[in-house]
Structure formats: structure tokens, C-alpha cells
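First up is the structure itself, then whatever we jot down about it.
What you see is a predicted model, and the numbers here were worked out from it, not measured in a lab.
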Amino acid sequence: IEIPLVKERDRTYRWFERLPGILSWSTLALPVVLSLISPTLAAYFIIAYLLMWVVKAIALNIRVVQGYRRLNQHMSYEWMKLVDELDNPEKAFARYDQGISPAWHYRNLINMQLRADNRLHQKDILNAAIIAVYNESRDIIEPTIQSILRSEYDKKKLVVIIAYEERGGAEVKETVHSLVEQYGSNFFHMEAVEHPKDIPNEVIGKGGNITFAGRRLKVWLDEQHKAYEQVIVTTLDADNRPHPQYFAAVSYAYIACPDPVHTSFQPISMFTNNIWDVPAPMRVVATGNSFWNIVLALRPHMLRNFASHSQSMQTLIDTDFWSVRTIVEDGHQFWRTYFRYNGQHEVVPIMVPIYQDAVLASTYVKTLRAQFIQVRRWAWGATDIAYVLQYGWRKKNHIPKWDLFFKTTRLIEGHVAWATASLILLLGAFVPLYLAPQASMSLVANQLPIIASRIQTFAMIGLFVSVYFSIRLLPPKPPRYKTRHRIYMLIQWVYLPFTTIIYSGLAALVAQTRLLFGRYLGKFDVTEKAVKK
């Protein structure tokens with residue numbers, strides 16, 4: 001199930017790799033071609049396109065409201081009490097009769113009763129966190145470890161592995177080993193694992209690092225005689241800080257799940273750690289990404305592994321851990337697991353956040369550039385299209401074809417829309433009028449900018465929803481900032497058109513164009529992480 005090496009890719013695979021770029025550039029060219037053929041036809045196409053995205057925008061804002069409410073509810077639950085009740089459903093039913101437990105918990109208790117002879121118990125569960133480190137400073141890594149220590153979960157049932165890179169240098173090696181020495185006694189087990197550089201057939205990236213650490217974790221579990229099905233492995237970046245309830249919540253979901261080996265568990269990635277410190281354009285991008293992750297959690301059929309995610313150790317062993325040949329090992333892990341189990345795999349949302357840093361480099365210009373590189377790296381997930389077409393449709397498998405068809409089309413449509421939607425929505429209305437001389441003779445084409453402006457103005461109502469919840473999601477204001485800084489959090493939204501085009505459309509289009517011409521991203525461009533004190 002590993003991605004073929006570049007030298008192993010035949011012409012068909014290369015055509016699959018070119019497909020997202022071809023579709024995206026064709027979509028962008030469509031208003032131009034239609035304008036040359038018939039400005040009126042082009043105008044109707046653009047109006048229909050705008051109306052479709054207005055409907056999507058309304059649905060997205062409804063999901064943001066629903067997701068925000070559910071996120072707050074799940075963060076407020078005492079998850080360890082709910083886990084305890086899974087061990088003794090009979091005792092818990094009385095508590096439900098008093099109206100205390102949520103309805104979904106009641107259903108899980110019934111299921112646990114039915115599985116009395118074949119179920120996991122919390123005493124058997126072990127949580128392992130693999131923290132991927134490249135060259136981050138102690139200021140970045142230590143708060144992540146401290147956030148794990150603040151977990152409302154038995155720390156003696158937590159294993160922490162700091163996976164660091166040999167190419168990161170002597171300083172990072174000294175840092176991680178000093179952190180293990182300082183904090184190791186707080187956990188059941190903690191160690192630092194160095195990933196050697198220049199391993200053959202590995203791209204320079206996170207996948208090889210955490211895979212090397214995962215294999216070391218397997219050796220340690222064997223020494224402890226621990227069953228792989230009883231171990232939940234969560235991957236974290238150096239700046240990822242789990243909510244205090246996360247490990248309890250994922251343990252609950254794992255125990256309650258009827259088939260945890262064939263399931264991934266996805267928390268909500270929230271880019272708010274340093275949101276007060278980053279430049280305004282980066283705040284807009286970070287807030288938009290946080291909202292999108294909340295929305296996806298309410299649409300499990302579209303949910304994929306992203307950034308931090310959790311899987312059974314048995315699952316990781318069955319998939320030979322993560323891919324070492326791609327820089328987007330997180331989202332790609334969904335497809336590896338999907339094909340490994342012949343389609344018997346799903347992603348379950350965990351409505352508890354893991355907080356991450358927004359992009360912040362040492363200078364303003366470097367920050368703008370680093371944000372573009374980060375989104376371009378995410379958009380490199382378009383490489384999964386060729387992988388899915390190759391392993392899903394060219395090779396024999398037992399995956400239900402309807403399920404594979406819908407997943408394939410959603411994957412392709414998502415990447416094409418990512419690269420094209422913002423450009424068409426913001427610029428498409430002017431194409432028929434200014435490109436075709438005869439456009440002035442068409443009333444619809446002539447009035448298209450006005451019609452589009454009014455549609456977009458209506459759609460902007462949803463912006464107020466984003467602004468409102470962006471304020472509600474803010475962490476406490478650092479004392480170094482004055483009250484007037486909150487006003488900047490409102491004014492920042494004037495950057496939305498700029499950030500949408502540059503840090504969504506163009507970043508994805510650049511990634512797909514590089515793939516189209518075979519200019520592969522051969523290494524993981526680590527986002528610089530600066531800290532303001």
C-alpha cells in the first residue's frame with residue numbers, strides 16, 4: 001500500500017497525477033472559453049456557480065453554529081466518569097434516568113451490555129503520544145508536554161515518545177533529552193527516539209520520523225507484553241497541545257467503538273495557541289482553518305485524518321505505520337488504512353480540540369511566505385488522487401465500488417474546488433464583459449458584475465457569523481496587549497478576499513501545477529515557529 005517511487009510510476013500513474021491540475025486549469029479556463037463562444041452563456045454559468053456557492057456558504061455557517069455548540073458541550077463533559085460507566089453499564093442506567101447522561105452515552109451503555117463478553121475495559125487501555133520534532137526550540141516543545149500533563153487522565157497510563165530528527169542538529173537532541181529527564185517520571189514511560197537522516201527511499205518529512213518512532217514503540221510494547229489492540233496512538237506536532245479532556249474522550253470513543261481497529265479518531269484542530277501574536281492575515285487564515293475543521297467533524301463521510309489523529313497500534317502495524325514517501329502523511333493515512341482493510345475503515349470525530357500554532361515566523365515577510373508554503377504543503381494532498389485511482393480502480397480489491405466511487409469523486413471535487421472556487425467567485429463576473437467585445441450587446445453579460453456583487457453581498461451575511469464565533473473562540477488576551485487589540489480582531493476581516501485567493505486558491509493551484517509538470521515536493525517544508533514573549 002506504499003506510494004510507488006518516482007522511477008516506478010508508469011505513464012498511467014503520471015496521467016493520474018496530472019489530472020487535478022488539468023481539471024483545475026480547465027475549470028478556470030471555462031469562463032474564458034464560454035465568453036468567447038457566447039457571453040450570455042458564460043454569464044449564466046457564472047451566476048449558477050455563484051448561487052451554488054451561496055447555498056454552500058449558508059450550509060457551512062449553519063454547521064459552524066452547530067459545531068461550536070457541540071464543541072462546547074463535549075469540552076464540558078467529565079469524560080473519565082463516562083469511561084467509568086462504560087465498565088459498569090448497569091450502575092450507570094440509574095444516573096441516566098435522572099436525566100444526567102447524554103442520549104448517545106445511554107445508547108453506548110446498552111451496546112456495552114450486549115458486548116459484555118467481548119469488550120475493552122479502561123484498565124486495559126494505554127494511550128501513547130508521539131510528538132514529532134524537527135528543530136523546534138524548547139519554548140515550543142515544552143508547553144506541549146505540559147499540556148499533556150494537565151490532562152484529566154491517569155498519567156501513569158500515558159506513554160510519551162518524542163520523535164526527533166538527526167538532521168535537526170545537536171541542539172534539538174540536547175533539548176529533547178533534557179525534557180525526557182525532567183518530565184519522564186510523570187508518565188508510565190517517556191523516551192526520545194532519534195530518526196536517522198538519509199534513509200533510502202524516504203522523503204524528508206514527518207512520516208519517516210513518526211514511523212521510526214512507532215516501530216520503536218512496538219518494540220517497547222512487546223517488552224511490556226502489551227496487546228496492540230489495547231494501545232491508542234496519537235500523533236502530535238511539536239506545537240500541538242491537547243485539551244485536558246482529550247485523552248479521556250478518545251479513550252471513551254475507543255472503548256465504545258464496536259471495531260476500533262478499523263477506525264481512526266480525529267480531534268478538532270484549532271489554530272489558536274498564538275492567535276493574539278500573529279499578523280492579521282494569518283489570524284484570518286487560522287480562524288478559517290479552525291472553522292473548517294469544526295464543520296468537517298459534523299460530516300463524518302468527508303472526514304479524513306488531519307494533523308493530530310489517533311489510531312489503534314494494531315492498525316498502525318497492519319498499515320506498516322505511516323507513509324515515508326509523502327509529505328502529507330496525515331491525510332494519506334486514511335487511504336492507506338482504507339485500502340489495507342478493503343474499505344472497512346471510517347473516521348470518527350472527537351469533538352474535543354487539540355490546539356495548534358497559527359503561522360508565525362521571525363519577520364512579517366517570512367510569516368507571509370511561511371503561510372503560503374504551509375497551505376501549499378496541505379494542498380499536496382492532491383497526490384492522493386493518483387494513489388486512489390491506482391490502488392482503487394487499477395488493482396484488484398474487494399472494496400464496495402459505490403463507496404469507492406463516492407469517495408473518489410469527493411476527493412477530486414474537493415481539490416479542484418480548493419484551487420478554483422475563490423478565483424472564479426471573485427473574478428469570474430468580469431470575464432464576459434471585458435473579454436468578449438460583443439458582451440455589451442448581452443444584457444445579462446453587461447449586468448453580470450452588478451448581479452454578482454449583489455449575490456456576494458447577500459453571501460457576506462455569513463461573514464458576521466464567522467466574526468462572532470472567531471471572537472468566541474479566542475483564548476484569553478495576553479496581558480501585554482491592550483483592550484484596543486480586540487478591535488483589530490474585527491478589522492482583520494478586510495483581509496478575507498486577499499487571504500482567500502493567495503492562501504487558498506493560488507497555493508492549491510501552485511501545488512497542482514507542480515504535480516502536473518512532475519516538479520515533486522521532495523521534502524517536508526517545516527513551518528518556522530517563532531515565539532513572542
Listing, residues 203-210 side-chain donor-acceptor contacts under 3.5 Å, not counting sequence neighbours, or none:
| residue | atom | partner | partner atom | Å |
| --- | --- | --- | --- | --- |
| K206 | NZ | D237 | OD1 | 2.7 |
| N209 | ND2 | V133 | O | 3.4 |
| N209 | ND2 | A163 | O | 2.9 |

Which residues pass the side chain to side chain contact (heavy atoms under 4.5 Å, CB included) test with [X], not counting sequence neighbours?
X: I502; result: F372, F498, L506
X: K366; result: A361, S362, T363, E528
X: L23; result: L19, I412, V416

Residues in side-chain hydrogen bond (donor to acceptor under 3.5 Å, both in side chains) with Q371, at least two apart?
->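 Expected list: Q374.
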Sorted by first residue and then second, give each salt bridge (charged side-chain N to carboxylate O under 4.0 Å, His left out) pair with at least one member in [range]; sequence neighbours left out.
range: residues 332-358; answer: E2-R336
range: residues 291-308; answer: none
range: residues 50-68; answer: K56-E413
range: residues 369-379; answer: R376-D525

Hits for ring-ring contact (aromatic ring centres under 6.0 Å, His included) against Y228, two or more places apart or cross-chain, chain-then-number order -> none
So which pairs with a foot in residues 399-422 pass ring pair (Phe, Tyr, Trp, His ring centres under 6.0 Å), sequence neighbours left out?
->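 Applying ring pair (Phe, Tyr, Trp, His ring centres under 6.0 Å) to every pair that reaches into residues 399-422, excluding sequence neighbours, yields W402-F405, W402-F406, H415-W418.
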Output every pair passing ring pair (Phe, Tyr, Trp, His ring centres under 6.0 Å) with a member in residues 283-305, not counting sequence neighbours, ordered by first then second residue.
->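 The answer is none; no pair qualifies.
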